[in-house]
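Accompanying notes for the structure given below.
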Amino acid sequence: MEVRFDKKFYNGEPDEFDDHCKAAFGKKMARLIARRLSHVKNVKSLADLMMQGFPGRWHWLTGDRRHQISADLEHPRRLIFVPGHPQEDFKEENGSLNGKKITNLIAIEIADTHS
């Protein structure tokens with residue numbers, strides 16, 4: 001699966017992202033961020049990430065963060081993604097979201113979604 005970065009989240013060179021994370025969040029968080037991005041790159045679709053027991057506790061958010069996806073980092077921070085597809089590409093007729101149809105994500109921020 002493909003992962004991209006929202007320009008507000010990171011606008012530098014792809015090969016400098018790890019250094020950016022170390023400077024901004026510290027070594028431990030940088031390792032966790034790299035691990036979550038590796039998970040994305042090594043699966044076929046979002047449905048694979050959301051399987052029970054997959055590291056990172058991937059899940060859809062609700063409320064004002066509806067249609068965003070969260071992956072655990074270091075409590076309470078989460079790596080937040082949005083699908084890289086238009087909604088009509090992954091939304092079923094009954095309104096449910098089909099993770100098997102989502103094959104790329106956009107990382108938009110690191111946040112505490114509970115505050």
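Listed here is the closest heavy atom pair of S96 and N94: OG-OD1, 2.7 Å. Scanning all heavy atoms of the two residues, the minimum distance from N104 to M1 falls at N-CG, 3.7 Å.
Cluster partners of L61 are I80, V82, I106, I108, counting Ile, Leu, Val, Met, Phe, Trp and Tyr whose side-chain heavy atoms approach within less than 4.5 Å, directly or via other members.
One distance of note links CD1 of I102 with NE2 of H67; it measures 9.0 Å at 0.5 Å rounding. K41 NZ to E2 CD: the interatomic distance, rounded to the nearest 0.5 Å, is 10.0 Å. Going from atom CZ of R65 over to atom CH2 of W60 covers 14.0 Å, rounded to the nearest 0.5 Å. If you take CZ on R77 and OG1 on T113, they are separated by 12.5 Å, rounding to the nearest 0.5 Å. One finds the NE2 atom of H59 at 11.0 Å from the CD atom of Q68 (value rounded to the nearest 0.5 Å). L73 contributes atom CG, which lies 9.5 Å from atom SG of C21 (distance to the nearest 0.5 angstrom).
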Trace of the side-chain contact (heavy atoms from CB on, under 4.5 Å) decision for F81 with L46: CA-CA 11 Å; F81 296 89; L46 179 62; over 6 Å; no
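For the pair F25/E74, no side-chain contact is recorded, criterion being any heavy-atom separation below 4.5 Å from C-beta on. Contact annotation: the side chain of E109 never approaches that of D6 to less than 4.5 Å [non-hydrogen atoms, C-beta and beyond]. Proximity of K44 to T103: side-chain heavy atoms (C-beta onward) are nowhere separated by under 4.5 Å. Contact of the W58 side chain with the L79 side chain is not registered, since no non-hydrogen atoms from C-beta on lie closer than 4.5 Å. Between R36 and P55 the shortest side-chain heavy-atom distance falls below 4.5 Å. Taking the side chain as every heavy atom from C-beta outward, L49 and I69 never approach each other to under 4.5 Å.
Atom NE2 of H75 has 12 or fewer neighbouring heavy atoms from other residues, nucleotides or ligands inside a 6.0 Å radius. Atom CD of E93 has 12 or fewer neighbouring heavy atoms from other residues, nucleotides or ligands inside a 6.0 Å radius.
Using modelled atom types, no side-chain atom of N11 and backbone atom of K7 make a donor-acceptor pair closer than 3.5 Å.
Checked against ring-ring contact (aromatic ring centres under 6.0 Å, His included), Y10 has the following partners two or more places apart in sequence or in another chain: F5, F17, H20. Residues forming a salt bridge (charged side-chain N to carboxylate O under 4.0 Å, His left out) with K101 (at least two apart in sequence, or on another chain): E92.
Using a 4.0 Å cut-off between charged nitrogen and carboxylate oxygen, D112 and R78 do not count as a salt-bridge pair.
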